[in-house]
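The model shown is predicted, which means the values in this text are computed figures rather than measured ones. Heavy-atom basis, side chains included; hydrogens, waters and symmetry copies ignored.
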Amino acid sequence: MARYIPAEIEPKWQAAWQEAGIFRAERDPQRPKYYVLEMFPYPSGRLHIGHVRNYTLGDVVARYKAARGFSVLHPMGWDAFGLPAENAAIATGVHPADHTYGNIAEMKEQMAPMGWSHDWSREFATCDPEYYGQQQAMFLDFLEKGLVYRKSAMVNWDPVDMTVLANEQVIDGRGWRSGAEVERRELTQWFFRISDYAEDLLAALDGLENWPEKVRLMQANWIGKSRGIELYFQRRDGAGEIVCYSTRPDTMRGASFIAIAPDHPVARELAEKDPALADFIAECRKGGTSEEAIEKAEKLGYDTGLRVAHPLDDTRDLPVWVANFVLMDYGTGAVFGCPAHDQRDLDFARKYDLPVQNAFYLPGQPVEVENEALVPPKSEKVAYIDHFTGLEEATGEEGINAAIDWFEARGLGKGKVQYRLRDWGISRQRFWGCPIPVVHCKSCGVVPEKKENLPIELPRDVTFDQPGNPLDRHPTWRDVPCPACGKPAQRETDTMDTFVDSSWYYARFTAPRAATPTSAEDVDYWMNVDQYVGGIEHAILHLLYSRFFARAMHECGHLPAKSVEPFDALFTQGMVTHAIYMSEGEDGRPVYHYPEEVELRDGRAFLRESGNEVQVIPSAKMSKSKNNVVDPLRIVERYGADTARWFVLSDSPPERDVEWTAAGAEAAHKHLGRVWSLSERIAGMEGAGSGDEDLLRAMHKTIHDVTMAIESFGFNAAIARLYAFTNTLQKSKAGADTQRQAMRTMAQLMAPFTPHLAEEIWARQGGEGLIASAPWPEADPAMLVEDTVTLPIQINGKRRSEITVARDLSREEVEKLALADQAVERALDGQAPKKLIVVPGRIVNVVI
RNA sequence: GCCCAAGUGGCGGAAUGGUAGACGCAGGGGAUUCAAAAUCCCCCGCCCUUGCGGGCGUGUGGGUUCGACUCCCACCUUGGGCACCA
């Protein structure tokens, strides 16, 4: 009997698949297509266990769909632009391209042993000039269609390094290298008009039935549609009005101040004559641009001295404050503060001693607000106080509608639908990204590059010895003749956000070598992505940008109308986590230990060297600095790829985080060994036996259950069913032919998960051809129906007994049998039950 | 701060509103073995009980229901995102 040696069988079958060319996707009008895509990786150079999980999930789907007769497209490539390569260039002097392509080669080598069914003939990296050149062509198309424009926007500025920082590079309000306090600085930048599509992007979420509900909800909240009103407040200095946006105009009675953004034109105007205000505005610019930083910052205000009229009472004045929590990007950059019904306004009012006045009470509870704002849901009824519209008791919704009508009728405001979604700023002041293909000319202004000059390639001869973007100081790359007038001009040196690269790669995979961004024949056949698989961390930005980009591509003729929603189904996986082993060093700081240094006994952890106990922090995100990163390559070396694949799928539901444990991998390997020995034993069997029918029933039940589980991404449940079937088969006394049939079926059901082992068993059990090309087994419905059914009997909702009855026994008969049950008789003690509930085929509940 | 999600034995987890704990790990007992490894069999939520049996139990507190891990409300904890990390 041969032993299970993955190192021998895995390379063998990988070579066989390659020889047969079965993963190469071809357009086949005879067959339905299926496009399964995993979010492509950033080439860090190290394959992470999270990648293993992601690509194995996609691989199960790809292999299953192939067995189901689909023509499968399952491509792989590289999201290759980005900050890390530039940081490496700064640290080591190696060109980002060399760094990136080196990493790609390494990662590809690490991916090969996993046995994933990717079609590598379609591989590309977003930093290939052939790819980003097409992206530049689309940028020009977008420009022509008016989908791109320039405007001024804030960036994080490091005043010591004199450079723009990514949000990630701002730590506690300071630059990560210089440690200097970061400030916000204005730059003219390029924007995509995603906010023009806000309504469409929101409305179309309803159609994405095969997306997780939580992702749709997060996107909807991100787009943030609200109905409100723009209100006009007349300045007492006679210099016009300040327009505020409000979603709660019904609370106008409680308005006690106007707050405007530090960047509001009125603030700038007043600052010209008020140095203290100018200082305050400068103070507000401290800190990063991230919403988190702005929201968490201390709420600061400055009374400008300017007053506006209260719209409900011309004799009342409202002070105009500049406040750092008001965003110029949202609404009109000005709000009216109503402390009684907004917690932030209330905190602000208490801090600066501004009046607090209720606009409504809860019905029957006329209590003035103290330190907690009264903010009931808009659907709830409130008792308005002396309301300007005449309303008394009404819901917030009704109050808002009445208020909007009231203000509009008097010309004091205009109802407006507002979105939180902002236009997408794509300018990056960095080298390692797709160059924006425009030229700045003194006479012609911003001039698009000619398409025949694309791709505008990044130069090779650059150095990273000073901060900032080397393109800015590269004269031969930067200085070019104007494409329009031919006079000396300068290239745009900003590059595109890497999210642009990943917003259309799925479309490029359908025709990766096409001379245009896409080819009509190929997108018509292959789009849309039938199943997209990736991390939940991309739930908003990447997916929203991709949805926008697909719409824009459609308008420019690069995608058909059916593809404006490019991902038919989405699955978001959880993270792979690992325990952290920690002890305290001599200096009192934590010391992290590698899993290999630690021995586990009775749920406690000890250092192998010293025997000292260490602290275990379970289930933490893998992080290099915590020494808890598991290298998938070592698992593959030790147990084989099938074990790694089986384990990442087995324990946890794919959407949830999974903790990597050495014991779990060991267990997975043990089980595969068991399946192997079972197969070897069955291969040598001869003759008839008993219980063939039972084994076949169990087999069909397993086919049914595993198929259903795969269809619903319940891979852990599918694997549990396969464990159970292994136990059944192991104990079966059925004849040799039946056992062999059961074993072949098991191999088929396991093939998407452990394809190498499945091939080997298939070959040894006399299966024809490659299991990877064999059709999926079908469950016989007749074999799934049981003659009898066991019903639990509950007394007052607690399980107390059970009865086994014929499947189609009438309700009356079941009732009779249930009442005759010993446990029920004892509980009833001669009384009649209050109620008797029979759910046919499920349960009986006797209520006493 | 805001948005979203998740919390079930010692552990990972299973369960269309219908037997809570499938399947696996760890643990205990046994078989096999000169011995060990490997393999196989049995037990395994907590508490009370010799046993039969009973009580409690799905983060916490309420609610809906004949029946709630599942639905509703509030809270706690952990994780993801917050527009220049990818």
Side-chain angles (χ1 to χ4, degrees), chain A residues 39 41-42 44 79 81-84 155-156 164-170 189 194 212-215 217-222 224 288-297 299 325 329 343-344 420-430 497-499 501-502 535-542 544-545 572 574-575 577 600 602-603 618-621 650-653 655-659 661 663-664 666-668 670-671 673-674 677 714 716-717 719-724 727 730 790-794 796-802 833-837 839 841-848:
Chain A
M39 291 179 186
Y42 175 78
S44 63
D79 188 13
F81 277 133
L83 265 185
V155 293
N156 301 305
V164 176
L165 297 178
N167 282 340
E168 188 193 45
Q169 298 171 318
V170 179
Q189 307 184 60
I194 188 171
E213 186 56 43
K214 62 175 169 182
V215 174
L217 191 57
M218 278 191 263
Q219 293 221 348
N221 287 339
W222 187 261
T289 59
S290 78
E291 188 171 312
E292 186 187 5
I294 292 167
E295 285 286 327
K296 278 189 177 165
K299 308 289 177 276
F325 59 82
D329 289 328
Q343 191 60 44
R344 195 174 52 186
R420 204 184 75 97
L421 182 67
R422 310 199 294 256
D423 276 337
W424 175 12
I426 61 150
S427 294
R428 297 292 180 271
Q429 295 71 42
R430 280 192 255 290
D497 179 6
T498 56
F499 272 123
D501 313 336
S502 55
I536 184 67
E537 67 272 20
H538 293 294
I540 296 174
L541 292 181
H542 162 61
L544 191 64
Y545 289 151
T572 53
M575 284 188 308
T577 63
L600 295 175
D602 307 332
S619 218
K621 185 175 181 170
S650 62
D651 269 357
S652 288
E655 68 274 15
R656 241 194 275 178
D657 291 353
V658 62
E659 172 150 8
T661 59
E666 184 80 37
K670 230 189 240 180
H671 177 75
R674 243 173 99 214
S677 340
N716 56 323
I719 284 177
R721 300 299 310 145
L722 288 166
Y723 267 105
N727 291 335
Q730 203 153 33
T790 300
L791 297 179
I793 299 180
Q794 293 184 331
N796 290 336
K798 295 250 174 212
R799 182 188 177 281
R800 285 294 180 257
S801 184
E802 62 182 34
K834 262 193 206 149
K835 214 171 192 181
L836 187 58
I837 291 140
V839 184
R842 288 237 77 120
I843 203 163
V844 180
N845 191 10
V846 187
V847 184
I848 295 169

From the options B/G54, B/A83, B/A86, select the nucleotide whose nearest atom is closest to the side chain of A/Y42.
B/A86

Any base atoms under 4.0 Å from A/D497, or only sugar-phosphate, or nothing? Heavy atoms, all strands.
sugar-phosphate

Round to a whole Å and report the spacing from CD of A/E537 to C1' of B/A86.
8 Å

Which part of the nucleic acid, if any, lies within reach of A/P212 when heavy atoms closer than 4.0 Å are counted: base, sugar-phosphate only, or nothing?
nothing

For B/U16, does the base pair up with any side-chain atom of A/R842 as donor and acceptor (N or O, under 3.5 Å, distance only)?
yes

Would you please confirm or rule out a distance under 4.0 Å between OP1 or OP2 of B/A14 and any side-chain N or O of A/R656?
yes

What about A/N167: does its side chain form a donor-acceptor pair under 3.5 Å with the base of B/C84?
no

Would you say A/N156's side chain and A/V164's backbone share a donor-acceptor pair under 3.5 angstrom?
no

On a heavy-atom basis, which atom in A/R842 and which in A/P792 lie closest, and how many Å separate them?
O-CD, 3.1 Å

Among B/A83, B/G67, B/C23, the nucleotide that comes nearest once only the side chain of A/Y723 is considered
B/C23

Under 4.0 Å, heavy atoms only, any strand: does A/G673 hit a base, just the sugar-phosphate, or nothing?
nothing

Of all heavy-atom pairs linking A/L836 and A/V844, the shortest is CD1-CG1, 4.1 Å

Establish, with yes or no, whether the OP1 or OP2 oxygen of B/A83 is under 4.0 angstrom from a side-chain nitrogen or oxygen of A/R422.
no

Closest to the side chain of A/N221, out of B/G67, B/G24, B/C4, is B/C4

For atom CZ of A/R721 and atom P of B/G24, their distance in whole Å:
11 Å

Does any nucleotide pair with B/U65 by Watson-Crick or G-U wobble geometry, both distances under 3.5 Å, and what is it?
none

Applying a 4.0 Å non-hydrogen cut-off, can you work out what A/R420 is touching in the nucleic acid: base, sugar-phosphate, or nothing?
base

Paired with B/C40: which nucleotide, if any, by Watson-Crick or G-U wobble criteria at under 3.5 Å for both distances?
B/G30

What is the separation between atom CH2 on A/W222 and atom P on B/A5, rounded to the nearest whole Å?
16 Å

Give me the atom names and distance for the closest heavy-atom approach of A/S652 to A/N716.
O-CB, 3.5 Å

Base, sugar-phosphate, or nothing: which does A/K296 touch, judged by heavy atoms less than 4.0 Å apart?
base

Counting any heavy atom closer than 4.0 Å, what does A/K299 reach on the DNA or RNA strands: base, sugar-phosphate only, or nothing?
nothing

First of A/K835 and A/R430 reached from the 5' end of RNA chain B, by closest nucleotide:
A/K835

Pick base, sugar-phosphate or nothing for A/F325, based on heavy-atom distances below 4.0 Å to the nucleic acid.
nothing

Under 4.0 angstrom, heavy atoms only, what part of the nucleic acid is A/I793 near: base, sugar-phosphate, or nothing?
nothing

For A/R674, which contact category applies under a 4.0 Å heavy-atom criterion: base, sugar-phosphate, or nothing?
sugar-phosphate

Below 4.0 Å: OP1/OP2 of B/G21 and any side-chain N or O of A/R799
no

With sequence neighbours left out, what residues match A/H671 under ring-ring contact (aromatic ring centres under 6.0 Å, His included)?
A/W646, A/Y723

Identify the nucleotide, in any strand shown, that forms a Watson-Crick or G-U wobble pair with B/C82, with both distances under 3.5 Å; if there is none, say none.
B/G1

A/S650 side chain near B/G24 phosphate (N/O to OP1/OP2, under 4.0 Å):
no

Please figure out whether A/E168 or A/M218 has its closest RNA chain B nucleotide nearer the 5' end.
A/M218

In whole Å, what separates the P atom of B/C75 from that of B/G21?
33 Å

Base, sugar-phosphate alone, or nothing: which one does A/S427 contact when heavy atoms must sit under 4.0 Å apart?
base

Partner of B/C75 under the Watson-Crick or G-U wobble criteria, both distances under 3.5 Å, comes out as B/G59

Please give the distance between the P atoms of B/A38 and B/A26 as a whole number of Å.
10 Å

Which part of the nucleic acid, if any, lies within contact of A/N796, taking any heavy atom under 4.0 Å across all strands shown: a base, the sugar-phosphate backbone alone, or nothing?
nothing

The side chain of A/Q794 is closest to which nucleotide in this list: B/C84, B/C25, B/G67?
B/G67

Is it the case that the base of B/C84 and the side chain of A/Q429 share a donor-acceptor contact (distance under 3.5 Å, atom types as modelled)?
yes

Contact class for A/R344 (heavy atom, under 4.0 Å): base, sugar-phosphate, or nothing?
nothing

Starting from C1' on B/C85, measure out to CG on A/L83 and report it in whole angstrom.
7 Å

Does B/C40 have OP1 or OP2 under 4.0 Å away from a side-chain N or O of A/Q730?
yes

Please give me the minimum heavy-atom distance between A/V170 and A/G288, naming the atom from each residue.
CG1-CA, 4.5 Å

Taking pairing as Watson-Crick or G-U wobble with both contacts under 3.5 Å, can you name the mate of B/G10, or confirm there isn't one?
B/C25

When you get a sec, tell me which of B/C25, B/A86, B/C84 is the closest nucleotide to the side chain of A/Q189?
B/C84

Looking at B/A14, I'd like to know if its phosphate oxygens (OP1 or OP2) sit under 4.0 Å from a side-chain N or O belonging to A/N716.
yes

The criterion is salt bridge (charged side-chain N to carboxylate O under 4.0 Å, His left out); which residues satisfy it with A/K214, sequence neighbours excluded?
none

Give a yes/no answer on whether the side chain of A/S290 brings an N or O atom under 4.0 Å of OP1 or OP2 in B/C82.
no

What does A/L217 touch in the nucleic acid at a heavy-atom separation under 4.0 angstrom: a base, only the sugar-phosphate, or nothing?
sugar-phosphate

So what does A/H542 hit on the nucleic acid, given a heavy-atom distance under 4.0 Å: a base, only sugar-phosphate, or nothing?
nothing

